[in-house]
A.B. asks: 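Below are the structure tokens for one structure; questions will follow.
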Amino acid sequence: MHQILLVDDEPYVVDDLSISIPWAEMGFGQVHKAYSGYEALELLQRYPIDIVVTDINMPELSGTELIAAIRSRWKHIRVVMLTGYAEFEYARKAIEEQASAYLLKPIAGDQLIAVIGKLQEKLRSDWEAWSSHQRTMQTFREHLPILRDRLLGELLQGRKLPRPLLQERLSQFDLPLSTDQPVCLAVVRPEEFFRRQDMHSMLLFEYAIINIAQELFQDRFLIWSCKDVHDYLVFLLQPRDDLEHGGNPGNEVAQAAYQLQNHVSTLMGGGLSVVTTGWGDFPDQVYTLYQSAISTIRQHIGSETGIYLDTTDNSSSQPVEILQPLYEPPLFFHMFEANNWQGIEDKLNAIVTDLAHSPERSLEHIHEARLHLESAFYYFAHKNNKMLSEIVGNPLLEQAPFQTPDMLREWAMEVIVLLREHFESERRNSRTVLIRKVHEYINRNLHYVSLQAIADHIQMHPVYLSKMYKLETGKRISDYISQVKMEKAAYLLIHTPLKIYEVSSELGYSNAHYFIKLFKEYAGMTPHEYRDRAL
């Protein structure tokens, strides 16, 4: 319940207000009284007061001064200022700027009740908004580890984010990293002991490993961690101060990695293999650093356990470049599922540009891109219960290997256009069939037809049905029903001896006068006039 403070240097005003207004019925649990501004300040410090009603003209501490003190210390409190006609012009500006409301003396009880009621409603709405915000922020904080994990996982998989947007996300997720500073990665692979654990135990072990790693790295590095698609733990490290860039990641990283292996083995009885990378720009080279770490685990560690490697120590041979745009999210498979045709074309152009302008690309990379595209084409067709060859034809699928990126693009766009035309045509045809079913149902059930009945008949949600019908026909279903009813009414009036009220009943109208009104709007004349003119 709310609490209110009544302030006036004339005691009878305060006492009268305290007993003449039904405060308890209005939801006030306590009514406080003060006979000066200074006494009011003392009460405000002792009680959680929500609303203050104060006179403007008081000795020692005026009402405007009291309001200024309230605004500086208790911003949530609402203030109603009382003023006489003589002080009104003097107080107008202060009232408008500081008070929530003002009333002229003498005060009418019902007027004060109305003003206080509005302020109570404002307090309730403010509290609801605040509590809703608090609940939202609490939920956000609870999910913060998942959000951080997901964002780093997306960067590891090649997602591109503009630096300003990423910096904003880092700030939102309370990650003090900077996109202007380099990073390196430490990729941790839990060994056999951990892989034998059940899911619950493994989550606890992973939590413990992350905590140990943070203890070891945090003095020299800012840390951001996640679990990747291989069930490895990945730590992105950024120096807290100037650390020599390039080449070996430094003794600090290597030493912490060795200590991590030893601590986990001693405390948990399980082994780890750890791979650290060189330094790279953040975020542009995160994907490249991550791929080099995964490649090192695959090529140089394999099934061995308890190994520590630095990727910069295994770079004697020239690595084969990865066709990165092909595997950056969103993938072709996902964009086909979403019917994102523009996105598909943009991604294809990015791949062709990479193939054409990178000197490391070979015919094998072109073949890789073709196989990936073909897989996406087959997937999309089969998921829609179609054979790809029936849509695009075998000759297009059986073309010889391409020699240039432009030939790849020309072939892929031809297939993409055919797929799009086929499925959009099929979608239009299916909607045409659906519209026909709607019309048939309406024509058979004019005596009693409704949107819900139509939706139930064709097994579709009424809201979606209504939107789809409007999209396809440009009309509302109700407009079509009215049109058909009026056309049927015109036929019955001319070709049957049914009376007007019988025609109305035949079409489902319980009120003949309402039917006559609708028919006149449709035909420009009443049913009687329409029938007489036709005879």
A.B. asks: Got more than 12 heavy atoms from elsewhere within 6.0 Å of CD, Glu142?
C.D. replies: yes

A.B. asks: Is it true that atom CZ of Arg533 has more than 12 heavy atoms of other residues, nucleotides or ligands lying nearer than 6.0 Å?
C.D. replies: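 Not buried by this count: 12 neighbours or fewer within 6.0 Å.
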
A.B. asks: Looking only at the aromatic ring of each residue, does the gap between the centers of Trp411 and Phe377 stay below 6.0 angstrom?
C.D. replies: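 Aromatic pair counts; centres sit under 6.0 Å.
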
A.B. asks: Ion pair present between Glu121 and Arg124, side-chain N to carboxylate O less than 4.0 angstrom?
C.D. replies: yes

A.B. asks: Between Phe336 and Tyr379, is the ring centre distance below 6.0 Å?
C.D. replies: no

A.B. asks: If you draw a 6.0 Å radius around CD in Glu364, do more than 12 non-hydrogen atoms from other residues or ligands fall strictly inside?
C.D. replies: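 No.
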
A.B. asks: Would Tyr469 and His439 satisfy ring pair (Phe, Tyr, Trp, His ring centres under 6.0 Å), going step by step from the backbone distance to the final call?
C.D. replies: CA-CA 11 Å; Tyr469 187 91; His439 289 172; 5.7 Å; yes

A.B. asks: Hey, is NE2 on His528 packed in by over 12 heavy atoms from elsewhere, all under 6.0 Å?
C.D. replies: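 For His528, atom NE2 is not crowded (no more than 12 foreign heavy atoms under 6.0 Å).
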
A.B. asks: Going through the distances and angles, do Asp198 and Ser201 end up as a side-chain hydrogen bond (donor to acceptor under 3.5 Å, both in side chains)?
C.D. replies: CA-CA 5 Å; Asp198 59 66; Ser201 299; 3.2 Å; yes

A.B. asks: Measure the spacing between CD of Glu440 and CD1 of Ile435 and express it to the nearest 0.5 Å.
C.D. replies: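 Rounded to the nearest 0.5 Å, the CD-CD1 separation comes out at 11.5 Å.
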
A.B. asks: Applying ring pair (Phe, Tyr, Trp, His ring centres under 6.0 Å) between Tyr509 and each of Phe519, Phe515, Tyr501, report the one that passes.
C.D. replies: Phe515

A.B. asks: Using a 3.5 Å distance criterion without hydrogens, assess whether the side chain of Asp228 forms a donor-acceptor pair with backbone atoms of Tyr232.
C.D. replies: yes

A.B. asks: When you look at Lys517 and Glu521, which way does the salt bridge (charged side-chain N to carboxylate O under 4.0 Å, His left out) test go after all the steps?
C.D. replies: CA-CA 6 Å; Lys517 174 179 178 295; Glu521 292 175 356; 2.9 Å; yes

A.B. asks: Tell me, with the steps shown, if His2 and Gln120 meet side chain to side chain contact (heavy atoms under 4.5 Å, CB included).
C.D. replies: CA-CA 8 Å; His2 292 141; Gln120 286 180 290; 3.4 Å; yes

A.B. asks: Can you check salt bridge (charged side-chain N to carboxylate O under 4.0 Å, His left out) on Asp284 and Arg163, steps first, answer last?
C.D. replies: CA-CA 9 Å; Asp284 297 342; Arg163 286 176 182 259; 3.1 Å; yes

A.B. asks: With a 6.0 Å cut-off on the ring centroids, do Phe423 and Phe380 count as close?
C.D. replies: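 Yes, the ring of Phe423 comes within the 6.0 Å limit of the ring of Phe380, centre to centre.
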
A.B. asks: Could you check whether Ser482 and Asp479, counting side-chain N and O atoms only, form a donor-acceptor pair closer than 3.5 Å?
C.D. replies: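 The answer is no; no qualifying pair exists.
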
A.B. asks: Under a 3.5 Å cutoff, is there a donor and acceptor pairing between the side chains of Gln3 and His32?
C.D. replies: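 A donor-acceptor contact under 3.5 Å links the two side chains.
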
A.B. asks: Would you confirm whether the ring centroid of His372 sits within less than 6.0 angstrom of the ring centroid of Tyr327?
C.D. replies: yes

A.B. asks: Would Lys383 count as a cation-pi partner of Phe333, with NZ or CZ less than 6.0 Å from the six-membered ring centre and within 45° of the ring normal?
C.D. replies: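 Negative - Lys383 is either too far from the ring of Phe333 or too far off its axis.
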
A.B. asks: When rounded to the nearest 0.5 angstrom, what distance separates CD1 in Ile223 from CZ in Phe235?
C.D. replies: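 One finds 7.5 Å between CD1 of Ile223 and CZ of Phe235.
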
A.B. asks: For Lys160, does the NZ atom sit with more than 12 other heavy atoms under 6.0 Å from it, leaving out its own atoms?
C.D. replies: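 Yes - once you tally the heavy atoms of other residues, nucleotides and ligands closer than 6.0 Å, there are more than 12.
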
A.B. asks: Is it true that atom NE2 of His143 has more than 12 heavy atoms of other residues, nucleotides or ligands lying nearer than 6.0 Å?
C.D. replies: no

A.B. asks: Less than 4.0 Å between a side-chain N and a carboxylate O, is that true for Glu206 and Lys227?
C.D. replies: yes

A.B. asks: Say whether, by atom type as modelled, one donor and one acceptor occur between the side chain of Lys470 and the main chain of Arg476 under 3.5 angstrom.
C.D. replies: no

A.B. asks: Would you call Glu345-Arg409 a salt bridge at under 4.0 Å N-O?
C.D. replies: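 Salt bridge between Glu345 and Arg409, a charged N being under 4.0 Å from a carboxylate O: yes.
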
A.B. asks: Could you tell me whether Lys386 and Glu390 make a salt bridge, using a distance below 4.0 angstrom between a side-chain N and a carboxylate O?
C.D. replies: no

A.B. asks: Atom CZ of Arg370 and atom CD of Glu374: how far apart are they, to the nearest 0.5 Å?
C.D. replies: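 Rounded to the nearest 0.5 Å, the CZ-CD separation comes to 4.5 Å.
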
A.B. asks: Where the side chain of Ser20 meets the backbone of Asp16, is there a donor-acceptor pair that is under 3.5 Å apart?
C.D. replies: yes

A.B. asks: Thinking salt bridges, do Asp126 and Arg78 make one under a 4.0 Å N-O criterion?
C.D. replies: yes

A.B. asks: When rounded to the nearest 0.5 angstrom, what is the spacing between CG in Asn349 and CG in Asp354?
C.D. replies: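 Answer rounded to 0.5 Å: 12.5 Å.
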
A.B. asks: Counting only heavy atoms not in His76 (residues, nucleotides, ligands), do more than 12 fall under 6.0 Å from its NE2?
C.D. replies: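 More than 12 within 6.0 Å, yes.
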
A.B. asks: Please say whether more than 12 non-hydrogen atoms of neighbouring residues, nucleotides or ligands are located less than 6.0 Å from CD in Glu398.
C.D. replies: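 Yes, CD of Glu398 has more than 12 neighbouring heavy atoms, counting only those of other groups under 6.0 Å.
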
A.B. asks: Nearest 0.5 Å, what's the CZ-CG distance between Phe173 and Leu175?
C.D. replies: 8.0 Å

A.B. asks: What distance do His461 atom NE2 and Asp456 atom CG have between them, rounded to the nearest 0.5 Å?
C.D. replies: 10.5 Å

A.B. asks: Would you confirm whether Trp224, through its side chain, and Arg148, through its main-chain N or O, come within 3.5 Å as a donor-acceptor pair?
C.D. replies: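 Yes; judged by distance alone, with no hydrogens or angles, the pair exists.
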
